[in-house]
Amino acid sequence: KNEVEQSPQNLTAQEGEFITINCSYSVGISALHWLQQHPGGGIVSLFMLSSGKKKHGRLIATINIQEKHSSLHITASHPRDSAVYICAVIPYQGAQKLVFGQGTRLTINP
Amino acid sequence: GAGVSQTPSNKVTEKGKYVELRCDPISGHTALYWYRQSLGQGPEFLIYFQGTGAADDSGLPNDRFFAVRPEGSVSTLKIQRTERGDSAVYLCASSLMLGADTQYFGPGTRLTVL
């Protein structure tokens, strides 16, 4: 079982819909990242959070440390939001490296 | 300022050959990370540097893989005797400090071993 699990693996929605992508992890962490990867490979960091909630434009990320769970929400989704969204954690134990989920492929149709 | 750059963007090589992949981090970033992403998968950690030293190389799959960062800036990932299973996108990222800090990713190098 992976240390970081995302759901769903694939998500298709219509423009304007509210989107939720979930991330569960099994280890203690110092921080969690949400990343966006567009076709062609470029990865952009959207959020880094260790507690509570962060908002940037139409994107909202929340984390519940006790439940080891985070969600990424997109309001008023748009076709340009189509990308792979990746959850990654920095575990407490030892290393400072990111441990990644497998990603969620989001497609927003016009 | 300039982001993280990686060269080449694409590399096609034959099984058994040696390849070098280069990463130029953001100026002033002390931490540098290498990841590998196979098709349809999330990235996997390979190695990270704090300054010139490899702080953790536990993700390198075997001794054919080696990375250096001799002056604490540019890093080179070296793969000897390449195998078809090495085909992947190799991603580099840098951050201002080690640990829970935003990592800035390069565009990656797509390596294809024929």
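All chains are named by letter (A, B, ...) in the order of the sequence lines, taking the proteins before the strands, and each is independently numbered beginning at 1. All values below come from the heavy atoms of this structure, side chains included, with hydrogens, waters and symmetry mates left out.
The environment of A/Gln9 atom CD is sparse: at most 12 non-hydrogen atoms of other residues, nucleotides or ligands sit within 6.0 angstrom.
Heavy-atom distances place the side chain of A/Ile86, and not its backbone, under 4.5 Å from chain B. Contact of B/Tyr35 with chain A is made through the side chain alone, with heavy-atom distances under 4.5 Å.
Using bins of under 30°, 30° to 60° and over 60° for the plane-to-plane angle, the ring pair A/His73/A/Phe18 lands in the parallel bin.
Contacts of B/Glu83 classified as side-chain contact (heavy atoms from CB on, under 4.5 Å), with partners at least two apart in sequence or in another chain: B/Arg64, B/Asp86.
Interatomic distance, NZ of B/Lys15 versus OG of B/Ser87, reported as 11.5 Å (0.5 Å rounding).
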Side-chain donor-acceptor pairs under 3.5 Å in residues 103-110 of chain A, sequence neighbours left out?
from, atom 1, to, atom 2, distance (Å)
A/Thr104, OG1, A/Gln6, NE2, 3.2
A/Thr104, OG1, A/Pro8, O, 2.6

Solution key, residues 3-14 of chain B side-chain donor-acceptor pairs under 3.5 Å, sequence neighbours excluded:
from, atom 1, to, atom 2, distance (Å)
B/Gln6, OE1, B/Cys92, N, 3.0
B/Gln6, OE1, B/Gly108, N, 2.9
B/Gln6, NE2, B/Tyr90, O, 2.9

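Within residues 49-60 of chain A, no residue has a heavy atom under 4.5 Å from a heavy atom of chain B.
Between B/Pro43 and A/Leu35 the shortest side-chain heavy-atom distance does not fall below 4.5 Å.
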